[in-house]
Amino acid sequence: FPSHDRSRCNEARQAVLVSMAYQLGLTGLAGFRRMWAAIGESNWREAARQALDSKWAKVDSPNRAKRQAEQLESGLWHPYYGGKNELVKR
């Protein structure tokens with residue numbers, strides 16, 4: 001991940017990006033240009049919206065994408081991933 005973008009992400013948000021990279025590959029993840037732009041502005045709502053505006057979210061893994069977009073937007077661990085909705089260091 002671009003270091004300037006990664007540094008804006010807390011652990012819960014970084015976990016989403018790692019998961020996306022694992023599923024999509026780094027090239028696939030790099031294709032989410034508008035999501036990365038929103039992350040660069042710390043606009044988490046827009047970053048989540050951009051993640052959901054994709055084949056990955058609409059066709060490939062809609063349930064996973066929805067959970068991960070919620071986690072990306074909130075910065076909180078999703079309960080599916082063992083989170084208790086406790087805020088992790090931002």
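On a predicted model such as this, the values are computed, not experimentally measured, just so you know.
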Checklist entry - Is it true that atom CZ of Arg34 has more than 12 heavy atoms of other residues, nucleotides or ligands lying nearer than 6.0 Å? => result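 Not buried by this count: 12 neighbours or fewer within 6.0 Å.
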
Checklist entry - For Tyr81, does the OH atom sit with more than 12 other heavy atoms under 6.0 Å from it, leaving out its own atoms? => result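 Atom OH in Tyr81 is packed in, count exceeds 12.
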
Next on the checklist: Can a side-chain donor-acceptor contact be found between Gln71 and Trp77 if the only test is distance below 3.5 angstrom?
Outcome noted: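 Judged by distance alone, the side chains do not pair up.
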
Checklist entry - With distance as the sole criterion, is a donor-acceptor pair present between the side chains of Arg33 and Gln50 under 3.5 Å? => result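 No donor-acceptor contact under 3.5 Å links the two side chains.
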
Next on the checklist: Could you walk me through whether His78 and Val16 satisfy the side chain to side chain contact (heavy atoms under 4.5 Å, CB included) test, starting with their C-alpha distance in whole Å, then the side-chain angles of each, then the deciding distance to 0.1 Å, before giving a yes or no?
Outcome noted: CA-CA 10 Å; His78 191 281; Val16 169; over 6 Å; no

Checklist entry - Honestly curious: do Leu52 and Met20 fall in one hydrophobic cluster under the side-chain, below-4.5 Å linking rule? => result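 No.
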
Next on the checklist: Let's go through Arg67 and Glu70 carefully: what are the C-alpha distance in whole Å and the side-chain angles of both, what is the deciding distance for salt bridge (Lys or Arg N to Asp or Glu O under 4.0 Å) to 0.1 Å, and is it a yes or a no?
Outcome noted: CA-CA 5 Å; Arg67 288 190 305 266; Glu70 289 172 5; over 6 Å; no

Nearest heavy atoms of [X] and [Y], plus distance in Å:
X     : Y     : result
Ala51 : Ala57 : O-CB, 3.6 Å
Ala48 : Glu73 : CB-CB, 3.8 Å
Leu17 : Ile39 : CD2-CD1, 4.1 Å
Leu24 : Phe32 : CD1-CE1, 3.5 Å

Next on the checklist: Test side chain to side chain contact (heavy atoms under 4.5 Å, CB included) on Gln68 and Tyr80; report intermediate values, then the result.
Outcome noted: CA-CA 10 Å; Gln68 292 189 346; Tyr80 183 87; over 6 Å; no

Checklist entry - Is there a side-chain contact between Gln23 and Arg64, using heavy atoms and a 4.5 Å cut-off? => result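 Yes; the side chains approach each other to less than 4.5 Å.
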
Checklist entry - Do Ser61 and Trp56 come close enough that some side-chain heavy atom pair is under 4.5 Å? => result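 Contact flag for Ser61/Trp56 side chains = yes.
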
